[in-house]
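Notes follow once the structure below has been shown.
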2 protein chains.
Amino acid sequence: MSTKEGPQPSRRGPYAKSTERRQAILTAAHAVFAAHGYRGGSLQDVADRAGMSQTSLLHYFPSKSELLLAVLNWRDSITGDGTAPRDPEESLVDAVLRQARFNENVPGVLELYTVLCGEAVTEGHPGREYFTKRFQELRRSYTRQLKQLAEEGRLRPGVDPETAAASLIALWDGIQTQWLLAPGSVDMAGCLRAYLDLVLLPE
Amino acid sequence: MSTKEGPQPSRRGPYAKSTERRQAILTAAHAVFAAHGYRGGSLQDVADRAGMSQTSLLHYFPSKSELLLAVLNWRDSITGDGTAPRDPEESLVDAVLRQARFNENVPGVLELYTVLCGEAVTEGHPGREYFTKRFQELRRSYTRQLKQLAEEGRLRPGVDPETAAASLIALWDGIQTQWLLAPGSVDMAGCLRAYLDLVLLPE
DNA sequence: GTCTATAGTTCGATAGAC
DNA sequence: GTCTATCGAACTATAGAC
């Protein structure tokens with residue numbers, strides 16, 4: 001049986017070569033979509049970066065829209081900023097600031113997110129559902145964490161957890177846009193820290 | 001002399017008809033770019049909406065990128081949210097909340113802004129300079145107003161005017177994106193009010 | 001000023017040889 | 001799996017008749 005497992009070009013498991021090719025495509029597509037957006041980036045651009053023909057690319061991803069969704073899901077898995085469970089020992093403030101500083105040093109990650117998020121608001125954009133769900137889940141996650149802090153008396157009186165959750169996400173996204181257009185004029189982590197300092201009380 | 005003034009098809013002034021045509025084009029382009037973005041919207045779409053051929057459209061605006069810039073500048077002139085001098089009698093809070101509530105009832109205005117702002121971060125986008133300058137001017141304007149409030153003792157101690165200015169703009173933009181994707185789940189004016197309540201002290 | 005016609009690209013996706 | 005070739009469509013912009 002073991003000698004007849006079919007398509008297994010490598011010892012590291014079935015379809016290992018294929019998986020590497022898909023990774024190369026995702027990396028290339030991430031860069032292209034970040035620089036030119038979904039509509040502005042072409043499959044030819046992605047294929048050139050990945051070192052293959054445009055038709056070979058479509059062998060791994062059946063269409064451009066499927067490629068976009070794969071890039072978005074892949075981004076979640078590497079940045080882990082979605083609904084992924086955080087270290088419970090790390091405070092909300094530390095987690096937010098750590099992620100904000102990390103993103104500053106990974107070129108392309110913020111571009112991809114900001115560009116596609118704006119594009120996704122347009123009619124018929126394949127990423128619209130992704131961002132809608134993402135915001136919904138993020139609001140729910142932050143609301144829960146803020147309610148927990150409220151129970152510990154760490155929330156400033158008068159602050160509504162749901163409003164603060166949506167506002168924190170909004171502030172984060174908006175400051176990223178300003179930072180991308182003028183990196184020297186905006187302090188991303190500083191703005192986030194200032195907001196959390198307003199919302200939270202010292203321990 | 002008065003009988004030989006050349007291109008004057010109307011009594012209401014020179015080029016009146018031409019001005020109306022340009023207005024129709026701007027209105028159509030505003031709707032198309034808001035719905036599909038700059039790269040996703042075509043001149044044919046705009047021409048169809050404006051009731052003319054695509055080539056006639058290019059008679060009024062020499063290129064697609066020029067049309068985009070004209071739409072952006074026209075938007076400023078009608079919404080008056082740029083660096084336009086506000087009524088000095090109106091407080092910062094009232095002005096922000098009034099504008100936020102107004103925008104909710106003008107479909108297309110927020111779409112255009114959010115979509116193009118995200119797109120503008122991409123390489124070679126004709127609107128990039130516009131948004132860069134816009135953010136710079138907005139930060140300067142809000143910083144000045146917040147410093148004025150600080151002198152009146154209306155600013156919460158510890159709040160930095162420049163940080164708060166960038167944060168207010170960021171929060172506003174970000175909450176618009178969330179509202180466009182889930183209008184029923186986000187209260188734009190509520191989030192802005194909550195933030196200003198945190199930053200400002202009661203009179 | 002307005003139009004038809006079209007040049008000249010570029011695109012996403014398919015067909016089929018190897 | 002990878003490629004060349006290509007289809008069919010869409011796009012911006014230009015040329016030129018009226």
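Naming convention: chains lettered A, B, ... in sequence-line order (proteins, then strands); numbering from 1 in each chain. The basis for the numbers below is simple: all heavy atoms, side chains too, and nothing from hydrogens, waters or symmetry mates.
The interatomic distance linking A:R21 (CZ) with D:dC3 (C1') rounds to 12 Å, in whole Å. Straight-line distance from the CE atom of A:M52 to the P atom of D:dG1: 11 Å, rounded to whole Å. Atom NE2 in A:H59 sits about 5 Å away from atom C1' in D:dG1, given to the nearest Å. Remark: C1' of D:dG1 and CD1 of A:I25 are 11 Å apart, rounded to the nearest angstrom.
Proximity of B:S56 to the phosphate of C:dG1: no side-chain N or O atom is located under 4.0 Å from OP1 or OP2. Put simply, A:Y60 has a side-chain N or O that comes within less than 4.0 Å of OP1 or OP2 on D:dT2.
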Donor-acceptor pairs under 3.5 angstrom involving side-chain atoms of residues 178-186 of chain A: please list them, not counting sequence neighbours.
residue, atom, partner, partner atom, Å
A:Q178, OE1, B:R139, NH1, 2.9
A:Q178, NE2, B:A166, O, 3.1

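With sequence neighbours left out, the ring-ring contact (aromatic ring centres under 6.0 Å, His included) criterion links B:H36 to no other residue. Every ring-ring contact (aromatic ring centres under 6.0 Å, His included) that B:Y38 has, sequence neighbours left out, goes to B:F33, B:H125. Residues that satisfy the ring-ring contact (aromatic ring centres under 6.0 Å, His included) test with A:Y195, not counting sequence neighbours, are absent from this structure.
Contact check on B:K133 versus B:E129 returns a salt bridge, with a Lys/Arg side-chain nitrogen under 4.0 Å from an Asp/Glu carboxylate oxygen.
An angle of 10°, rounded to 10°, separates the two end axes of the helix from C:dG1-D:dC18 to C:dC18-D:dG1, each defined over five pairs.
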What string of B, S and - do you get for nucleotides 5-18 of chain C, 5' to 3', if B is base contact, S is sugar-phosphate-only contact and - is no contact with any protein heavy atom under 4.0 Å?
B-----SBBBB---
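No side-chain donor-acceptor contact under 3.5 Å links B:R156 to the backbone of B:L200.
The shortest distance between side-chain heavy atoms of A:L97 and A:R101 falls below 4.5 Å. Using a 4.5 Å heavy-atom cutoff, the side chains of B:L43 and B:F61 are not in contact.
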